[in-house]
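This chain uses plain numbering: 1 for the first residue, then up along the sequence. All figures in this text were calculated on a predicted structure; none of them were measured in a lab.
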Amino acid sequence: MSDAVSVRLLASLDEVSAAQWDALHDGAHPFVAHAFLRGLEATGCLREDWGWTPHHLSLWRGDELVAAMPAYLKQNSHGEFVFDHAWARAYAQHGLDYFPKWLSAVPYSPVTGPRLLARAPEHRRLLLRAMAQLCERQELSSAHVNFHADEETADFAAEGDADWLERVDVQYHWRNRPDADGRRWQDFDEFLAAFDHKHRKNIRQERAKVARAGVRMRVVEGAQASEADLATMYGFYRSTFDQYGNHAALTLAFLRHLARELPQALVMFLADYEGEPVAGALCLRGADTLYGRYWGARAELPGLHFETCYYQGIEYCLREGLHAFEPGAQGEHKIARGFLPTEVRSRHWIAHPSFRDALRPWCREEAASVRRYAQTLRAHSPFKAVAGADGGHGAAAADSSSSGA
């Protein structure tokens, strides 16, 4: 650790100003904005009894914040989307405590983006060094950095790939990549023209069913969202969690906070049927990417889920000039609708040397298995095969990495 830089652990983002925090990133990813993360803390979305205790890592040169990580002490693995239950069981079988662990991530959000917030690469590496050192000093089992940006991979390598174990998973992302002539899709018809006949026909039929039913879609952005819109969307969100017997972590106060503090980021797609809203999807907008987060409905209509969660988002991206749409974790059914397999990554520092040594080959084998699975999925691309395609229009290939917005 540099003598000129000191380390502070923050129990709340109230301990640092929004201007200081937001000066460390380019603003392209709304999930690392001070307003978003502090909003989770201030509106009752993070609770110790749910396993989330803010424990943000920050580096200072005097009164200047030079680097930071959104980070939390975790008493469980809830709301992370990188599953380590087997690791926790292995610790317990050996009479060791896996929890608490230290996690750098965006709570409840499996979205790729920056985690090492700093303007200088050397400060990103200092963050990782400090995290590992403090993990040992505080006698925590492990430190984890979930869904980090591709640009940060070199920082982990510099601190030792053997120590920061890599895990790989697959999500399904939409990309409006330029073709060989540098042209992107301009509207939904052009997007569909890149599909093979079968998949193009299926999508048209799905959308036609929704239209024939009389459903009318509304796009509501944060600045225009009424109290009724926010309450309606929150009701849909709650209903989805209630349906599966899970607790809804976000609060209505948090949605109000987003509409007030990050109006440019909040985007909702609401479906009206017979004069009443019957479904909705909650998204966040970054500089170049739309992120689908939650959906809910109180009516079962053919095609309603796909229209609300996927097609409306794609149309929004095409209309607004966004080049990517990440609709959330899991869901092979997304492939047929133009969302192709994309690798996402996380890194893990294990304090116990024997466990670290045991997990290293385990992570390698898991990554190889995930990549084989992703390769199999790519064979089911709905796009027309194009000789020599490199990921542009009509390509069957997909990303092998994800860099976020």
Side-chain angles (χ1 to χ4, degrees), residues 12-14 16-46 54 68 70 106-114 117 174 176 216-238 240 248-272 277 279-296 308-328 404-405:
S12 168
L13 281 182
D14 283 333
V16 61
S17 72
Q20 287 175 307
W21 183 274
D22 290 335
L24 299 177
H25 63 93
D26 63 7
H29 298 76
F31 298 94
V32 295
H34 186 277
F36 183 92
L37 295 167
R38 183 191 169 278
L40 290 172
E41 297 177 7
T43 59
C45 302
L46 302 179
V106 178
Y108 318 120
S109 301
V111 295
T112 294
L117 308 184
W174 178 88
N176 189 0
R216 296 292 178 264
M217 301 300 305
R218 290 187 288 135
V219 180
V220 180
E221 297 179 312
Q224 291 77 43
S226 68
E227 175 62 26
D229 292 331
L230 296 171
T232 295
M233 185 65 245
Y234 184 71
F236 292 143
Y237 159 74
R238 283 290 303 265
T240 298
L250 302 186
T251 62
L252 179 56
F254 179 66
L255 292 196
R256 292 170 176 154
H257 171 87
L258 288 181
R260 183 176 62 253
E261 301 297 331
L262 287 171
Q264 74 284 0
L266 181 62
V267 181
M268 297 182 291
F269 302 106
L270 298 176
D272 293 335
L282 174 68
C283 301
L284 288 180
R285 172 179 176 164
D288 194 38
T289 302
L290 184 68
Y291 301 91
R293 296 307 305 120
Y294 300 104
W295 117 284
T308 307
C309 293
Y310 306 140
Y311 304 142
Q312 286 294 311
I314 291 172
E315 283 200 328
Y316 181 87
C317 289
L318 291 165
R319 186 169 61 249
E320 295 292 316
L322 304 182
H323 297 154
F325 180 19
E326 302 182 11

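Scanning for side-chain hydrogen bond (donor to acceptor under 3.5 Å, both in side chains) contacts around E41 gives S12, H56, with sequence neighbours left out.
Summarising the geometry of A287 relative to L322, their closest heavy-atom pair is O-CD2, 3.8 Å, with the distance given to 0.1 Å. The nearest pair of heavy atoms linking G292 to C283 is CA-SG, 3.8 Å. Annotation for D22 and A33: closest pair OD1-CA, 3.6 Å, computed over non-hydrogen atoms. The nearest pair of heavy atoms linking R293 to S109 is NH2-CA, 3.3 Å. Pairing each heavy atom of T308 with each of G280, the nearest pair is CG2-C, 3.7 Å. Across all non-hydrogen atoms, the minimal contact from P30 to L262 is O-CD1, 4.4 Å.
Between the side chain of T251 and the main chain of T43, a donor-acceptor pair closer than 3.5 Å is present. Not a single donor-acceptor pair under 3.5 Å links the side chain of H257 to the backbone N or O of L40. Side-chain atoms of Y237 come within 3.5 Å of backbone N or O of L250 as a donor-acceptor pair. Looking only at distances, no side-chain donor or acceptor of W21 sits under 3.5 Å from a matching main-chain atom of A35. With hydrogens and angles disregarded, no donor-acceptor distance shorter than 3.5 Å links the side chain of R218 to the backbone of P277. Within the 3.5 Å criterion, the main-chain N or O of V16 finds a donor-acceptor partner in the side chain of H34. Of the possible donor and acceptor atoms, one in the side chain of Y108 sits under 3.5 Å from a partner among the backbone N and O of C45.
With 3.5 Å as the limit, one finds no donor-acceptor pair spanning the side chains of T232 and D229.
Distance check, rounded to the nearest 0.5 Å: NE2 of H25 to CZ of F31 gives 13.0 Å. Distance check, rounded to the nearest 0.5 Å: CE of M233 to CG of L270 gives 7.0 Å. The structure places OH of Y310 at 16.0 Å from CD of E315, a figure rounded to the nearest 0.5 Å. To the nearest 0.5 angstrom, Q312 atom CD is 11.0 Å from L290 atom CG.
For the pair L282 and L266, the minimum side-chain heavy-atom distance is below 4.5 Å. With contacts defined as side-chain heavy-atom distances shorter than 4.5 Å, the pair V111/T289 does not qualify. For the pair N176/C317, no side-chain contact is recorded, criterion being any heavy-atom separation below 4.5 Å from C-beta on.
The aromatic rings of Y291 and H29 sit tilted relative to each other, their planes meeting at an angle between 30° and 60°.
Considering F36, Y234, Y294 as possible partners of F254, the one that fulfils the ring pair (Phe, Tyr, Trp, His ring centres under 6.0 Å) test is F36.
Using a 4.0 Å cut-off between a side-chain N of Lys or Arg and a carboxylate O of Asp or Glu, E320 and R285 qualify as a salt bridge.
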